[in-house]
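Note sheet for the following structure.
Values below: all heavy atoms of this structure, side chains included; hydrogens, waters and symmetry mates excluded.
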Amino acid sequence: MTDLLGDLKRTHHCCELRNTDINKEVVLMGWVQHRRDHGGVIFIDLRDKEGITQIVFNPENSNAVHEKAQEIRNEYVLGVKGKVIARPDNMLNPNMKTGAIEVLIDELCIFSKARTPAFQIEDRVEASESIRLQYRYLDLRRPQLQKNLLARHKATMAIRKYLDNNGFVDIETPFLTKSTPEGARDYLVPSRVNQGEFYALPQSPQLFKQLLMIAGFDRYYQIVKCFRDEDLRADRQPEFTQIDMELSFVDEQQVMETAEGMIVTIFKKVLDIDLVTPFPRITYDEAISRFGLDRPDLRFDLELRDVSDIVKDAGFKVFANVVKNGGLVKAINAKGCATFTRKQIDELTNFASVYKAKGLAWIKIKEDLWQSPIAKFFTDGEKEALKKRLDLEPGDIVFFVADQPKITNEALGQLRNELARRLGLILDNTYEFTWVTQFPLLDYDETEKRYQALHHPFTAPLESDIKKLSSDPLAVKSRAYDLVLNGIEIGGGSIRIHSTELQGKVFNCLGIDENEANEKFGFLLNALASGAPPHGGIAFGLDRLMMLLCQEDSIRNVIAFPKTQKATCPLTEAPSKPSTAQLQELSIKISRIEE
RNA sequence: GGGGGUGUAGUUCAGUUUGGUUAGAACGCUUGCCUGUCACGCAAGAGGUCGCGAGUUCGAGUCUCGUCACUCCCGCCA
């Protein structure tokens, strides 16, 4: 039989007691971390969410209690009453906050016995992820995850306080809502009341927050779940949390400043780090040109250099032809890495091929020669120009990618990150932010043969580019901005379109005619026509932000109950098959492909 | 949809290259001893469908094929 709580009341947490508490009568409650039974005296490390205290059962103190303590095992839940005593002088434990004292127990309640845990509840014991997820309640007892979730709590508290202080109003928006075209795949929810019809779970509260601006709330925020039915990654889950906000009567600068203030507050509260603002701001074009990616990692240099003009007439036909066909030849100088072996170069070539690069040309710069399969194709003049452009010195190795601009930039940009990882250029505990602005408004979908919104269809184009919407849509830049931290996009937003005419024009570019626009976004167009303030906003990925703050490499370690890569939950075994009755009620039939 | 990695005791792993006796280690667990440990110690013990299914072979943890799960990445993620 286990014990009931009775009138036992906790007086302290397991991290609190010190020398100054000696002789106090205390009551602790917690889990058994370790038991050390010496036959006579029994030591137990009692753990709660705050820490650990050593408690002692001594037969000389109470035989009956000592007897009962012998059945205690790991992870049992105890309530104990006893006296705080000093440890013998040579028995202090400097590794524990409570290492100067221990509690000699007079009264023991065993609230719960525990079956042997599937894995040991210690940070140094790393169980496989599927076991950890199956027994997530055990996993969550580990100090690391407790620390991460407490940090997440601190962050959200700081966010709410900051936004409240800045006049933002927390307003909830529906989860059962309407499917929107474009964007990610929707999660659908069948409607029982309206047979054959479905709600969609929101990919973001985008349209609702715009409606709130039109309603006059001026500043809105929400820490809210969003749903996208796409494949998972280490930093991506089908349900994730956004810090979502929207402001009226603001331009890009004001949104970015407000967001910066929030990030500064979070870093101060969670990590006690003082960030310097304003964060650097670079345009999309500059980011791509210098770093190859729209989310540059600014913790290291290794910038990309365009050498297309130098090699356009070179004897190396691969380069020359790429330039002739509108492609780009860019290069990256890995200073001092001419010692790379053939194997290392092959690995980097394979790495680049993942991003569609057809090859990775290289030149090792030695004291008196260029060692390379391609060096012989360059004239002295071309070599001199390359040397100058790429700052080539003996001991360097330079890598080239030649392809269509998109591939060249992506492959070399990713290679830049990989080189930095391999060369150890990335220091721990560094946080390099940058805003990336003026994204293209549209890109062209080759498979569907039409333009697509890069951000979303409600993003405003730069005012000066509006006239290009019909003549040269791909040249139109938008009033969108992303916040990038250490090469990872943690937030993004834009100034929105607040006029029906402009919104119509953009829909037009996207191939959405008036009928379709009215059918899908009629409510937004009506709202815009009913007095819409200029407005814009931003949303941050809370999971990603916490992943970076907690120095984790997966968002699963900052989410209490995350999904596996196949979007399942090993703990609850979701998703699962509905009953026939449920399906009938919804008038849904499963057409089986297998079984 | 595609590519890579992993899968052996409750847990983490070794063993697979080159098929061959009874599949090992550490931690955990059980029992006994132990009054100053703190990753306690000592002794003994239990614990295995080598992910699953076929195949090759005298013989498969090891080789082949298929399949499942977990994971990383590409595609996808306005």
Side-chain angles (χ1 to χ4, degrees), chain A residues 33-46 52-61 66 70 73-75 85 87-96 98-99 102 104 114-135 138-139 180-186 203-204 206-207 226-238 240 350-357 410-411 414 418 439 441-443 445 447 451-459 478 480 489 492 494 506 510 512 539 541 553-554 556 563-566 568 570 594:
Chain A
Q33 179 70 31
H34 282 119
R35 155 186 89 106
R36 293 178 293 278
D37 183 346
H38 286 251
V41 67
I42 298 173
F43 298 104
I44 282 172
D45 291 339
L46 195 67
I52 286 177
T53 297
Q54 172 165 284
I55 61 176
V56 189
F57 297 91
N58 194 321
E60 287 168 8
N61 188 54
H66 178 265
Q70 284 183 338
R73 294 292 179 273
N74 284 349
E75 300 306 319
I85 57 175
R87 296 194 187 190
D89 279 348
N90 55 340
M91 295 297 160
L92 306 180
N93 186 340
N95 299 322
M96 293 172 76
T98 57
E102 59 198 6
L104 182 63
R115 60 175 62 138
T116 303
F119 51 89
Q120 287 162 258
I121 318 291
E122 292 180 39
D123 275 341
R124 67 191 172 84
V125 178
E126 196 67 29
S128 75
E129 192 138 14
S130 46
I131 300 277
R132 287 174 50 201
L133 290 183
Q134 190 183 342
Y135 301 96
L138 298 180
D139 198 25
T180 50
E182 305 205 50
R185 208 173 283 115
D186 285 317
Q203 297 179 26
S204 85
Q206 180 59 35
L207 292 173
C226 301
F227 305 88
R228 294 178 191 176
D229 185 6
E230 297 293 348
D231 287 348
L232 291 84
R233 290 284 191 280
D235 63 353
R236 236 162 65 191
Q237 292 260 321
F240 62 99
N350 283 337
F351 179 87
S353 74
V354 169
Y355 303 96
K356 309 271 174 2
E410 169 85 8
Q414 295 285 1
E418 176 68 10
F439 280 69
L441 186 71
L442 308 164
D443 68 358
D445 187 321
T447 48
Y451 294 107
Q452 275 194 339
L454 201 75
H455 191 54
H456 57 54
F458 321 109
T459 299
S478 72
E489 180 203 326
S494 62
V506 170
L510 295 170
I512 302 173
D553 47 22
S554 160
R556 292 187 296 276
K563 297 277 186 288
T564 68
Q565 200 176 34
K566 284 194 78 186
T568 67
E594 50 199 312

message: Students often get this wrong, so: under 4.0 angstrom with heavy atoms, is A:T568 touching a base, only sugar-phosphate, or nothing?
response: sugar-phosphate
message: Taking only side-chain N and O atoms of A:S128, does any of them lie within less than 4.0 angstrom of OP1 or OP2 on B:U12?
response: yes
query: Across the strands shown, which category fits A:E102 at heavy-atom distances under 4.0 angstrom: base, sugar-phosphate, nothing?
result: base
query: Across all strands shown, which nucleotide pairs with B:A23 by Watson-Crick or G-U wobble geometry, both distances under 3.5 Å?
result: none
message: I want to verify a distance call: between B:U35, B:C38, B:U30, whose nearest atom is closest to the A:R35 side chain?
response: B:U30
- prompt: With both distances kept under 3.5 Å, what pairs with B:C70, Watson-Crick or G-U wobble?
  reply: B:G5
query: At under 4.0 Å between heavy atoms, what does A:P570 touch on the DNA or RNA strands: base, sugar-phosphate, or nothing?
result: nothing
- prompt: NA contact type, A:R115, heavy-atom cut-off 4.0 Å: base, sugar-phosphate, or nothing?
  reply: nothing
query: Using purine N1 to pyrimidine N3 plus N6-O4 or O6-N4 for Watson-Crick, or N1-O2 and O6-N3 for G-U wobble, both under 3.5 Å, which nucleotide pairs with B:G41?
result: B:C33
field: Note: A:E75-A:R115 ion pair, threshold 4.0 Å (strictly below)
entry: no
query: Which part of the nucleic acid does A:H38 contact within heavy-atom distance under 4.0 Å: base, sugar-phosphate only, or nothing?
result: base
message: Partner lookup for B:G61, please. Criteria are Watson-Crick or G-U wobble with both distances under 3.5 angstrom; report none if nothing qualifies.
response: none
message: Using a 4.0 Å heavy-atom cut-off, does A:D231 contact any base of the nucleic acid, only the sugar-phosphate backbone, or nothing at all?
response: base
message: Reading RNA chain B from 5' onward, which residue's closest nucleotide shows up sooner: A:L133 or A:Q452?
response: A:L133
- request: Name the closest nucleotide to the A:A127 side chain, picking from B:U12, B:G28, B:U37.
  value: B:U12
query: Counting side-chain heavy atoms from C-beta on, which of B:C38, B:C77, B:G75 comes nearest to A:R228?
result: B:C77
message: With a 3.5 Å limit on both atom pairs, tell me what B:U17 is paired to, counting Watson-Crick and G-U wobble, or say none.
response: none
